[in-house]
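Okay, so here's the structure we're looking at.
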Amino acid sequence: MENINETSTDFFLLGLFPPSRIGLFFFILSFLIFLMALFGNLSMIILILLDTHLHTPMYFLLSQLSLMDLNYISTIVPKMVSDYLLGNKSISFIGCGVQCFFFIALAGAEGLILVSMAYDRYVAICFPLHYPIRMSKRVCVLMIIGSWIMGSVNSCAHTAYVLHIPYCRSRAINHFFCDVPAMLTLACMDTWVYEYTVFVSITLFLVFPFIGIAYSYGRVLLAICSMQSTEGRKKAYSTCSTHLTVVTFYYAPFAYTYLRPRSFRSPTEDKVLAVFYTILTPVLNPIIYSLRNKEVMGALRRVILRFCSVKMEQHSH
């Protein structure tokens, strides 16, 4: 019997929404949020590429955050949408592994890119004269490459483990994507050693970065308090408060979900918390960083004006 289950490779995702009116409402809402996240993050990437005023380390890092968010939400939501609409909840063994890999890689990389952004603001506000050296193009590129590589290496280790453990119980994953802890409940071997490595991983990719960010912003707030110009103080405070909002939305549910022992967790609670870091954060980033940012709005106006003037020229010819 065990053999049959091991060779029947498909998993089944139980999903997020109940088949009811309220379930349909939340499904439509999630799909709209997904479309907003796609549009917002794509717009952000294109805008930063097109406008030379935004070719600075801060916006270079922000374009990477948007790229990560774009891939991150696309790893999870399209599959969830097709499962709900078509009623086909199965996902192949390899498909589950691929989703697992991209989810962990992008989650880790995003955690590290948020630290880089906090460091960027810390240097800009606390050491403005050293900024061109400390945040040179080379440093910026190294931060970005480092985030992608470390996220991917960490993900390879977790995905390889999850794909090699024997599954002998039901293949129904009580989640809306292939989440490692939800998959471990289906394993027919003791996974406590691996759960310890998950704890270490989360500490390295979420807890330490969060401490680093908190320290950076603590220093930044102290520097803001001693600023002479009210305008400078306002701008610095605005930038930091937006960043902290994103960081809290992203790190808090993640850390709470993965650092609790299995006995304290419930599938429903895990699924609700997962909505924060898989669906809400990717849509919040472009909203928070663009609508509250004069430089981004200015760049948007310049790009639209440039586009309109090109159109006008074409019509006059």
Apply the test side chain to side chain contact (heavy atoms under 4.5 Å, CB included) to residues Asp120 and Met143: give CA-CA distance (whole Å), side-chain angles for both, the deciding distance (0.1 Å), then the verdict.
CA-CA 11 Å; Asp120 172 78; Met143 280 177 162; over 6 Å; no

Does Ile304 form a side chain to side chain contact (heavy atoms under 4.5 Å, CB included) with Arg301? I'd like the steps, not just the answer.
CA-CA 5 Å; Ile304 290 168; Arg301 274 194 298 274; 5.9 Å; no

Sequence neighbours excluded, every pair satisfying side chain to side chain donor-acceptor pair (under 3.5 Å) that has a member inside residues 22-41:
Asn41-Ser66

Rounded to the nearest 0.5 Å, how far does [atom2] of [Y] lie from [atom1] of [X]?
X: Leu65; Y: Ile45; atom1: CG; atom2: CD1; value: 9.5 Å
X: Asn285; Y: Ile73; atom1: CG; atom2: CD1; value: 10.5 Å
X: Leu62; Y: Met44; atom1: CG; atom2: CE; value: 4.0 Å
X: Ile173; Y: Arg171; atom1: CD1; atom2: CZ; value: 9.0 Å
X: Met183; Y: Thr185; atom1: CE; atom2: OG1; value: 9.5 Å
X: Thr278; Y: Tyr72; atom1: OG1; atom2: OH; value: 6.0 Å

So do [Y] and [X] actually touch side chain to side chain, heavy atoms under 4.5 Å?
X: Cys140; Y: Leu61; value: yes
X: Thr203; Y: Phe208; value: yes
X: Tyr256; Y: Glu269; value: yes
X: Val220; Y: Ile224; value: yes

Between Pro286 and Val283, the two heavy atoms sitting closest are CD-O, 3.5 Å

Under the side-chain hydrogen bond (donor to acceptor under 3.5 Å, both in side chains) criterion, do Asp179 and Tyr258 qualify, and how do the steps go?
CA-CA 11 Å; Asp179 189 34; Tyr258 289 90; 2.4 Å; yes

Does Val193 sit in a hydrophobic cluster with other residues, and if so which ones, taking ILVMFWY side chains as linked at heavy-atom separations under 4.5 Å, directly or through other members?
Trp192

Set of residues satisfying side-chain contact (heavy atoms from CB on, under 4.5 Å) with respect to Ala299, sequence neighbours excluded
Leu47, Asp51, Leu54, Arg302

If we ignore angles and hydrogens, is there a donor and acceptor under 3.5 Å between the side chains of Tyr277 and Glu110?
no

Cysteines Cys100 and Cys178 with SG distance under 2.5 Å:
no

Looking at [X] and [Y], would you say the former's side chain and the latter's main chain have a donor-acceptor pair under 3.5 Å?
X: Lys271; Y: Gly15; answer: yes
X: Ser155; Y: Phe101; answer: yes
X: Ser43; Y: Phe39; answer: yes

Name the residue from Phe205, Phe103, Tyr194 that meets the ring pair (Phe, Tyr, Trp, His ring centres under 6.0 Å) definition with His158.
Tyr194

What's the verdict on side chain to side chain contact (heavy atoms under 4.5 Å, CB included) for Leu222 and Cys126, showing C-alpha distance, side-chain angles and the deciding distance?
CA-CA 9 Å; Leu222 283 174; Cys126 298; over 6 Å; no

Take atom OH of Tyr161 as the centre, draw a 6.0 Å sphere, and report whether it contains more than 12 heavy atoms from other residues, nucleotides or ligands.
yes

Return yes when atom CZ of Phe102 has more than 12 non-hydrogen atoms of other residues, nucleotides or ligands closer than 6.0 Å, and no otherwise.
no

Using the ring centroid of each side chain, check whether Phe31 and Tyr84 are separated by less than 6.0 Å.
no

Cation-pi geometry met for Arg21 and Phe25 (6.0 Å, 45°):
no

